[in-house]
Amino acid sequence: MEQTKNYEHWKIDQDPQGIVWVTFDRHDSKVNTLGKETLEELKSIVDQLPPTAKGVVFQSGKSSGFVAGADITEFENITSEKDALDFVTRAKSIFNAIEKLPITTVALINGFCLGGGYEFALACDYRIALDDPSVRIGLPEVKLGIIPGWGGTVRLPRLIGVLNAMNIILPGSAVDAYKAKKLGMVDDITRTEHLLKRAAVFYINTKPPKHQPSFFQKLLSHNLLRSFVASRLTQSVAKKAPREHYPAPYLVIENWQRDGAQSDDAMEHESKAISELFFHPSTASLVRAFLLQSYLKEQGKKLLTPIQHIHVIGAGTMGGDIASWCALIGYQVTLQDRTEEQIAPAIKRAYALYQKKLKQPRLIQAAMDRLMPDIKGHGVKQADVIIEAIFENLEVKNSLYKSLEQSMKSTAILATNTSSLPLEELSVGLKNPERLVGIHFFNPVSLMQLVEVVRGENTNDDTYNQALGFVTKIKRLPLPVKSSPGFLVNRILMPYLLEAIQLVDEGVAPVSIDKAATNFGMPMGPVELADTVGLDICLSVGEILSHHFSVHIPEILRTRINEKKLGRKTGQGFYQYRDGKPVVVPLYQNAEVPTNLTDRIILPLINEAVRCWREGIVSEEDFIDAGLIYGTGFAPFRGGPMRYIQTEGAENILQRLETLAKECGERFTPDAGWQKLIKNSTKTSKKISETTH
Ligand code: NAI
């Protein structure tokens, strides 16, 4: 191939057949994102494409993916609706130009092809994706409070029909290559990169008919049916995302209802809608929540030794799932327990996970091959990371560590998944206590993105950095926390759960309590959450915390446990469960709902967050917000507890807590940290956006 011209972020080659290969390889980042500079270059490339070219292939030079989306760090430059419109029209006009090119265009998709990246691909004639588990294709913009504004809300319904498109756009979903092919989001999938390129040449040479939505999907877009379809879509969105906090999906539906997917007006209204959404209060918090993810990933950058082998001891609920997750990601994993019978259920669960995630038999088999049962603990000698997840018992853990220390590699780290035992006590008797670190996963491991990485007094920098790096490598978000009872997330969550249970004790209906929490923006109410975690576990965590802090444990919690009503797992807790779903029981159904209900459940959580901040459990406020959003689902549009304090005003919340302390008891007494927070309130929290690349 002959090189024609070089750009900073793009490479252009024309092959002897006359096909132009445009390779995107953003020079200042590991990931391709579209921002001002990269788009300007793309515009120049599109403007200068030789009219004689036989076809154009857009591809990525990065193994991480095609394009991960717009460069979100540039959002902070958008300070007026005019800026927003400029931002939108810049890319839109380039994509429109690509769509209008008389030359056949193909996008080759590997890895991430999300948001603006997929909108770029949508402007091409054809899209071909690599059939690999790393491929994710979708339009997640609504998760940031905005809509796909570079033509996505128009081109996707046009390509695959309204229902299919809305199933992607409204929840902000991403799908794998196989599903994308099934939906028509891509025209073809291939197994190797080499075949991907050959497929591109094939499409350019043969120009097969472009994908069309099915007759049924087209019918639904007919003028006569649009209002009906739109109202059904609105109803289903309203069940999950209240308009007040999440207006974006509603605007997508309204625009489609008015303009359909064929008119020029549709594109114009899309631009207008996204420009307004940039200034909705939820958007800034949602964008920040997204950037916090990148900030957590940054913590894992200092990995010292490459990781190949992971040895997990304890194949129970946690150990089994940690092992299967690590093998899913691609690591060699040995899983140790006392007997084969104890490992078997974990292997069965792993198989179910791989079926769900990997789908293809060859990939499932490969993952199963990576996960090896290991009763004798042969894996200890080879492992780079050893994760202990046995019973929560200090003596048993202590003696296990001593035996492990003798055969571990000198570069390996020893991690405990303990949820309550202090690292300082766990490391007693170890020759090298500096190699012990906490890696605290949440249950269920495959769904919970956050992992607390716990630094004990003895943990040294190398061990800690290795642990943070490991968590990032297994595609989880590492939250650096100090060794302290309950660490960060459980400690902050507990007062919220216990206060909800106290309210039940006082005769308030669980449904009313949970409704107050979900209206606030929590993904699940605290009473149902307590039932889901298990009432026995709630009590045990509460009691452990009560040895160190003042914790109020409501009487009704003990009563329920004595009655063997432990929550979802026993079919009854505060709710009854049928087929795993809560059934509303007429418990206190007619009871009065206190006017301060939301404050009563939310403010204990906020107060505990301030206490943790004052005690330095984490080194930055941002970590508290990140921990609660990604560890508990704390209303992301509120940006986390610390952001909530900023929005409401620290003095305002302090007063509300003081009132609650007078009316409901000392447990609401504001922590001393509030005064410090009020003094500091002029200082802004660290600018996370600077560190996202
Ligand atoms: P589990 O009771 O489900 O599993 C423990 C497993 O360890 C059992 O299969 C047992 O046979 C095995 N085991 C015990 N002693 C052993 C030894 N000496 N050698 C090899 N295997 C041994 O326990 P679970 O719930 O998985 O908890 C494990 C650890 O994770 C505990 O430290 C717990 O505090 C922590 N944790 C638990 C969470 C949960 O939701 N269950 C959440 C986060 C942390």
Side-chain angles (χ1 to χ4, degrees), residues 311-326 333-350 372-380 383 386-408 414-423 425-427 436-454 456 471 476 478-479 481 483 485-491 493-494 497 529-545 566-569 627 631-632:
H311 184 75
V312 181
I313 309 171
T317 312
M318 296 305 289
D321 289 3
I322 294 166
S324 70
W325 180 260
C326 294
V333 182
T334 35
L335 177 58
Q336 182 180 351
D337 207 303
R338 294 169 302 173
T339 64
E340 269 171 26
E341 287 70 39
Q342 266 139 346
I343 301 184
I347 302 289
K348 209 169 149 199
R349 287 203 306 280
M372 287 162 284
D374 180 17
I375 310 286
K376 299 231 161 83
H378 295 304
V380 174
I386 298 175
I387 303 174
E388 168 276 307
I390 64 167
F391 304 137
E392 193 72 335
N393 180 304
L394 183 64
E395 286 74 38
V396 184
K397 288 194 198 247
N398 259 332
S399 78
L400 173 70
Y401 295 172
K402 277 181 210 149
S403 70
L404 289 171
E405 204 178 27
Q406 291 165 14
S407 40
M408 276 170 70
L414 175 59
T416 171
N417 189 45
T418 181
S419 31
S420 63
L421 301 169
L423 260 68
E425 289 176 31
L426 286 169
S427 63
L436 183 72
V437 62
I439 301 190
H440 183 233
F441 288 83
F442 292 89
N443 188 9
V445 174
S446 64
L447 292 181
M448 300 299 292
Q449 275 181 287
L450 193 87
V451 175
E452 288 175 318
V453 181
V454 188
V471 172
R476 305 280 86 174
L479 182 78
V481 298
S483 171
F487 309 131
L488 183 85
V489 173
N490 285 342
R491 177 164 161 198
L493 194 65
M494 235 28 227
L497 294 187
L529 182 59
D531 269 358
T532 306
V533 171
L535 300 186
D536 50 339
I537 294 185
C538 286
L539 179 64
S540 132
V541 177
E543 280 176 340
I544 290 166
L545 291 178
L566 304 183
R568 201 180 282 269
K569 60 188 169 190
T632 71

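Positions are given from 1 along the sequence. Order of appearance sets the numbers: ligands from 1, and atoms from 1 within every ligand.
Within the 4.0 Å heavy-atom criterion, neither part of Glu388 lies near ligand 1. Only the side chain of Asn443 comes within 4.0 Å of ligand 1, judged by heavy-atom distances. Proximity of Gln342 to ligand 1, defined as any heavy-atom pair under 4.0 Å, is confined to the side chain (atoms from C-beta onward). Residue-level proximity to ligand 1 for Leu421 is absent, since no heavy atom of it falls below 4.0 angstrom. Residue contacts with ligand 1 for Phe442 are absent, since no atom lies close enough (heavy atoms, distance under 4.0 Å).
Listed by first then second residue, pairs satisfying side-chain hydrogen bond (donor to acceptor under 3.5 Å, both in side chains) with a partner in residues 436-447 read His440-Glu452, not counting sequence neighbours.
The heavy atom nearest to atom 11 (O) of ligand 1, considering only Asp337, Ile343, Asn393, is found in Asp337. Of all the listed residues (Ile390, Thr418, Val533), Ile390 holds the heavy atom that lies closest to atom 29 (C) of ligand 1.
Protein heavy atoms are found inside the 4.0 Å sphere centred on atom 15 (N) of ligand 1.
Other residues, nucleotides and ligands contribute at most 12 non-hydrogen atoms within 6.0 Å of the CD atom of Glu340. Residue Lys348 qualifies as open at atom NZ: its count of foreign heavy atoms under 6.0 Å is 12 or below.
With respect to Ser427, the side chain to side chain contact (heavy atoms under 4.5 Å, CB included) criterion is satisfied by exactly one of Asn398, Leu436, Val437: Leu436.
For Ala315 against Ala346, the heavy-atom pair with the smallest separation is O-CB, 3.7 Å. The two atoms that bring Val451 and Arg476 nearest to each other are CG2-CB, 3.7 Å, heavy atoms only.
The ring pair (Phe, Tyr, Trp, His ring centres under 6.0 Å) search around Phe441 returns none, not counting sequence neighbours.
The atoms of ligand 1 that sit less than 4.0 Å from any heavy atom of His440 are 43 (C), 44 (C).
The shortest heavy-atom distance from Leu400 to ligand 1 is not under 4.0 Å.
With a 4.5 Å cut-off on side-chain heavy atoms, Val312 and Cys326 do not count as touching.
Ligand 1 has a nitrogen or oxygen under 3.5 angstrom from a nitrogen or oxygen of Glu392. Looking at ligand 1, you won't find any N or O of Phe441 less than 3.5 Å from one of its N or O atoms. The shortest N or O to N or O distance between Ser419 and ligand 1 is below 3.5 Å.
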